[in-house]
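First comes the structure, then the notes that go with it.
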Amino acid sequence: MGTFIISMIFNVICRIYFFDNNHVISGFDVRGNIIYSAMFFMLGGILFLYKNSIYEFCQKKKILIALLTVIIAGIYFYQGKSEPFIMLVLFGLLLIYSIASQNNTGKILSNKFTKFIGNISLEIYLCHMVFYRMIEKVHMNHLFGNEILSYIVTVIMTLACAIIFSCVVKYLLEKMMQKKL
C-alpha cells in the first residue's frame, strides 16, 4: 500500500514539476511515462491481490458500486480532460465492479471469443507495446490524414500483431513444456 501512495506522490510531482516547458519537449505524451502511470498499474495489482475479499464485500453492494461508477464516469467525461485521480477512481471502480460481477457475466462476457482472448491476455499485454512501437517506427500509425481513422487502423494492426504473436508463442511454449514432461 505504501508503494501505491508513493506512486501517487510521483504522479503529482511529475505533473507539477517535471511536465512543463522547461523539462519536456513539445508533443511529449505524459501517459507514456512509467513513473506518471505507475499508480494505475499499482491499483490494478492491489485489486488483484484482494480480489476474493473485494468479491465477498461487494456482493450486496453491486448496485451502489455501479451507481458510483456512473457518477464518477459522468464527472470524468463532463470535465473534458483526463484528471489522473478521477481516472484512477473510475478505473478502480470499474475493476471492483467487474470483480463483484465475475459470476454474473452472462453470454456477453462468457463466449468462445472472450475465453480465447482471456487465455492469451497476459501475452497480449506483454507484447502489444512492442508491436505498437514497431508500427510507429515505420510510420504506419499515420497512414491517413484523418486522426481518428489512423488511430483505429493503428489499434487494429497492433492488436492483430499482438494476438497472432501471442498465439504462436503460447503454442510453442506449450509444445516445449510437453516435451520436457
Side-chain angles (χ1 to χ4, degrees), residues 1-20 23-25 27-58 61-62 65-66 68-77 79-102 105 109 113-137 141 151-152 154-167 169-170 173:
M1 189 64 143
T3 308
F4 177 63
I5 293 169
I6 290 170
S7 71
M8 290 177 22
I9 291 169
F10 276 140
N11 181 283
V12 171
I13 291 170
C14 283
R15 286 188 291 137
I16 292 173
Y17 182 74
F18 289 108
F19 296 162
D20 63 8
H23 294 95
V24 296
I25 59 173
F28 174 72
D29 180 19
V30 297
R31 290 187 187 174
N33 185 302
I34 188 65
I35 295 173
Y36 174 84
S37 300
M39 67 180 186
F40 299 104
F41 182 75
M42 297 285 179
L43 177 65
I46 290 169
L47 293 177
F48 176 77
L49 288 174
Y50 296 105
K51 69 181 178 200
N52 295 333
S53 301
I54 291 169
Y55 177 78
E56 293 191 15
F57 177 77
C58 296
K61 298 172 180 68
K62 282 188 230 174
I65 293 168
L68 191 57
T69 303
V70 168
I71 291 169
I72 298 296
I75 292 169
Y76 173 73
F77 289 110
Q79 177 182 29
K81 61 178 178 146
S82 299
E83 170 58 41
F85 291 109
I86 292 176
M87 280 192 331
L88 186 71
V89 172
L90 175 61
F91 296 140
L93 284 169
L94 287 169
L95 285 171
I96 289 169
Y97 185 76
S98 69
I99 290 169
S101 302
Q102 67 186 354
T105 56
L109 296 178
F113 177 74
T114 55
K115 287 179 183 176
F116 168 73
I117 294 296
N119 284 332
I120 59 170
S121 62
L122 176 64
E123 291 84 354
I124 292 172
Y125 168 72
L126 292 174
C127 74
H128 80 280
M129 191 52 78
V130 172
F131 289 106
Y132 172 74
R133 293 295 180 202
M134 288 169 52
I135 290 167
E136 182 182 50
K137 293 296 181 200
N141 58 335
Y151 175 78
I152 292 169
T154 301
V155 168
I156 290 170
M157 287 189 302
T158 302
L159 286 176
C161 291
I163 289 170
I164 292 167
F165 180 78
S166 297
C167 289
V169 167
K170 189 163 187 126
L173 287 175

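What you see is a predicted model, and the numbers here were worked out from it, not measured in a lab. Each residue takes its place number in the sequence, starting with 1.
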- Query: Are side-chain heavy atoms of N52 and E56 found at a separation under 4.5 Å?
  - Reply: no
- Considering residues, nucleotides and ligands other than F91, do more than 12 of their heavy atoms fall under 6.0 Å from its CZ? yes
- Task: For the residue pair Y97 and L68, establish whether any side-chain heavy-atom pair is separated by less than 4.5 Å.
- Result: no
- Item | Residue pair L93 / I65: nearest heavy atoms and the distance that separates them | O-CG2, 4.1 Å
- Item | Smallest separation among heavy atoms of C127 and F165, with atom names | SG-CD2, 3.7 Å
- Just how far is it from atom CD1 of I5 to atom CE of M8, taken to the nearest 0.5 Å? 6.5 Å
- Item | Shortest non-hydrogen separation from E136 to N141 and the atoms involved | CG-ND2, 3.7 Å
- Item | Any residue meeting side-chain contact (heavy atoms from CB on, under 4.5 Å) with F41, in chain and number order, not counting sequence neighbours | Y125
- Item | CZ (F85) with more than 12 external heavy atoms under 6.0 Å | yes
- For V155, enumerate each residue passing the side-chain contact (heavy atoms from CB on, under 4.5 Å) test, keeping only those at least two apart in sequence or located in another chain. Y151, L159
- Query: Hey, does I163 have a side-chain heavy atom less than 4.5 Å from the side chain of F116?
  - Reply: yes
- Note on the structure: Heavy-atom nearest pair, Y132 first then T154, reads CE1-CG2, 3.7 Å
- CD of Q79: more than 12 outside heavy atoms within 6.0 angstrom? yes
- Query: Measuring from M157:CE to I152:CD1, what's the distance to the nearest 0.5 Å?
  - Reply: 12.0 Å
- Task: Determine the minimum heavy-atom distance between H128 and T158, stating which atoms define it.
- Result: O-CG2, 3.4 Å
- Side chains of F10 and S7 in contact at under 4.5 Å (non-hydrogen atoms): no
- Item | Residues which pass side-chain contact (heavy atoms from CB on, under 4.5 Å) with L47, listed by chain and number, not counting sequence neighbours | L43, I54, L95, I96, I99
- Message: As an exercise, state the distance from CZ of F48 to NZ of K51, rounded to the nearest 0.5 Å.
- Response: 3.5 Å
- Note on the structure: Taking every heavy atom of M42 against every heavy atom of F4, the minimum-distance pair comes out as CB-CD1, 3.6 Å
